[in-house]
There are 2 protein chains.
Amino acid sequence: MTSRGKYVYGGLESGTGCLSCYLNALCIAEELLPEETLLLSEIVAPPIRLEKRQVLYRQEAPFTSLYVVRTGCLKQETVVESEQLLTAIWLPGSIIGCDTIGLEHYPSTVSALDTATLCELPFERLEAVMQRLPKLRRRLQRTISRSMQQERMSLQRLLSRTAEARMACFLLAVSDCFHRRGYSPTHFRLPVSRNDIGSYLGLTQETVGRTLATYQAQRLLRVTGRDYQLLDLVRLERLASSTGRRQKRP
Amino acid sequence: MTSRGKYVYGGLESGTGCLSCYLNALCIAEELLPEETLLLSEIVAPPIRLEKRQVLYRQEAPFTSLYVVRTGCLKQETVVESEQLLTAIWLPGSIIGCDTIGLEHYPSTVSALDTATLCELPFERLEAVMQRLPKLRRRLQRTISRSMQQERMSLQRLLSRTAEARMACFLLAVSDCFHRRGYSPTHFRLPVSRNDIGSYLGLTQETVGRTLATYQAQRLLRVTGRDYQLLDLVRLERLASSTGRRQKRP
DNA sequence: CGCGAGTTTGAATCGACTCAATATACGTGG
DNA sequence: CCACGTATATTGAGTCGATTCAAACTCGCG
């Protein structure tokens with residue numbers, strides 16, 4: 001998070017726009033007719049490329065745009081009462097900035113964990129298109145509602161779970177996300193430090209490491225650095241959906 | 001949560017509508033001109049009165065309306081993978097249903113914890129008014145964004161806190177909410193069982209009770225049943241903003 | 001090659017949980 | 001209105017899990 005800036009990436013085919021985007025079915029463009037999608041792609045700013053540690057926007061910066069993650073991984077940090085929280089981890093397909101619509105300033109800082117590419121949706125222009133395309137507005141609202149409920153639930157679940165169960169929840173969420181974007185659900189690189197995973201899950205880095213070690217000993221997965229290979233999704237899911245504690249007898 | 005239904009409350013002055021509502025400054029009506037507020041009050045359905053345990057809507061029921069809490073207290077429960085989570089506690093001034101806009105069905109069940117009165121905003125009609133009043137749309141979006149970020153942060157904070165700190169966070173949030181609605185911030189009835197507080201905070205009922213007892217011994221507050229009297233907000237805030245754990249030395 | 005950030009491992013402490021038993025409040029029907 | 005039964009709260013003892021702290025280790029990068 002040392003330098004800020006938005007560097008245009010020359011490598012993306014820009015002429016084709018949203019129509020040919022591999023994320024189409026997940027982006028807000030979902031369910032739009034081709035001619036409607038074209039309308040959308042006209043307002044999409046040229047793709048942004050961020051290098052590791054580069055900042056997309058800072059807390060308190062004026063709100064201008066939503067961003068869709070095409071590739072890479074970003075983190076969102078919020079400072080409140082001089083306490084820093086890791087409030088989100090963004091993977092491909094996520095829409096960043098939904099928590100800022102209607103506000104003047106971004107409530108948090110978003111930065112890249114490794115090289116990332118994003119689509120920028122200037123909100124003013126998006127608003128204009130939504131005026132003409134109510135379907136698009138509903139689509140965005142649905143995305144927002146879903147993520148609100150999703151996030152609330154996943155955090156709520158974590159609250160009453162042990163470290164083991166929290167890690168399982170986290171890894172499965174990441175796996176699921178990659179899966180739906182067409183990547184492997186069992187083998188991925190997650191460029192997040194143990195420390196960051198810890199503050200995202202409310203654990204210490206030591207506990208995160210130890211838990212991964214335990215998993216590895218049980219042949220649930222293999223980790224080398226930040227490269228994860230899930231070996232037994234079924235057992236991980238069992239771990240994630242139990243609280244990890246002894247059953248309270250009725 | 002035994003019986004369902006929406007019973008019209010005869011006791012609210014209905015002719016005056018939003019203009020005279022004591023919540024005006026907090027409801028989405030904020031910042032609207034009088035004539036605009038009138039437009040809004042025309043679509044507000046007659047006030048709803050719910051008795052203790054009555055259900056406002058059930059999970060999977062078709063989405064029809066947003067609701068504003070006028071008085072009383074409600075809880076939101078979500079069942080996912082046969083696990084029941086207490087995902088929200090709604091106090092006066094809250095808008096219920098923001099997590100459902102754009103979706104077909106409510107993602108959770110909301111029921112009254114004691115007698116409650118609510119304003120119903122049928123969403124179809126609200127949408128029509130927002131079409132004519134962009135200001136109102138922005139107002140609603142701002143509310144949604146704010147609550148998204150707020151909720152995310154407060155849950156995130158809880159994750160890395162001890163039972164003592166979690167309880168302090170919770171009580172202060174409630175206190176703040178009542179305060180902003182014009183009630184006393186230090187003396188209120190919170191008709192939520194220890195068990196429900198526990199599942200909301202990710203603690204057991206025993207821990208909730210013990211923590212309250214500890215607080216009482218330290219003259220931080222007085223509790224009798226579900227009646228709370230906060231005696232030292234400053235010290236409570238200190239408790240809430242520290243994690244409750246020993247400081248890790250740098 | 002060496003430095004530093006990130007990670008791993010171990011030992012001791014403290015906190016929250018489970019379980020069980022008791023006490024209190026509350027609503028219902030006699 | 002009181003007595004009862006159920007739901008909710010309190011209290012205590014023992015266990016298990018996550019934290020703190022310290023130290024050694026590994027990897028990537030200049």
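The sequence lines fix the lettering, A, B, ..., with proteins before strands; numbering per chain opens at 1.
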Send over the distance from [X] [atom1] to [N] [atom2], rounded to a whole Å.
X: Leu190(A); N: dT7(C); atom1: CG; atom2: P; result: 11 Å
X: Leu201(B); N: dA16(C); atom1: CG; atom2: C1'; result: 14 Å
X: Leu203(B); N: dG17(D); atom1: CG; atom2: C1'; result: 15 Å
X: Arg53(A); N: dG28(D); atom1: CZ; atom2: P; result: 14 Å
X: Asp114(B); N: dG27(C); atom1: CG; atom2: P; result: 12 Å
X: Asp196(B); N: dA9(D); atom1: CG; atom2: P; result: 9 Å

Any base atoms under 4.0 Å from [X], or only sugar-phosphate, or nothing? Heavy atoms, all strands.
X: Arg161(B); answer: nothing
X: Arg166(B); answer: nothing
X: Thr207(A); answer: base
X: Gly198(B); answer: nothing

Geometric class of the Phe188(A)/Tyr228(A) ring pair [parallel <30°, tilted 30-60°, perpendicular >60°]: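 Aromatic pair Tyr228(A)/Phe188(A) classed parallel.
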Distance-only side-chain donor-acceptor flag, Thr211(A) / Thr214(A), under 3.5 Å: no
So if I take every side-chain heavy atom of [X] and compare against [options], which nucleotide ends up nearest?
X: Ala213(B); options: dT7(C), dT11(D), dA9(D); answer: dT11(D)
X: Thr162(A); options: dC21(D), dG17(D), dT19(D); answer: dG17(D)
X: Arg210(A); options: dG10(C), dA13(D), dA9(D); answer: dG10(C)
X: Arg246(A); options: dT7(C), dC16(D), dC17(C); answer: dC16(D)
X: Arg194(B); options: dT10(D), dT8(D), dA18(D); answer: dT10(D)
X: Lys52(B); options: dG27(C), dA9(D), dT7(C); answer: dG27(C)

Side-chain N,O (Thr204(A)) to OP1/OP2 (dA18(D)) below 4.0 Å: no
Nearest-0.5 Å distance, NZ of residue Lys75(B) to OG of residue Ser108(B): 12.5 Å
dC17(C) base / Gln205(B) side chain donor-acceptor hit below 3.5 Å: no
Earlier contact from the 5' end, DNA chain D, for Arg245(B) and Val208(B): Val208(B)
Glu164(A)/Arg245(A) salt bridge by N-O under 4.0 Å criterion: no
From Asp176(B), Val174(B), Val69(B), residue fulfilling side chain to side chain contact (heavy atoms under 4.5 Å, CB included) relative to Leu91(B): Val174(B)
Comparing Gly244(B) and Glu206(B) on DNA chain C - which has the more 5′ nearest nucleotide: Gly244(B)
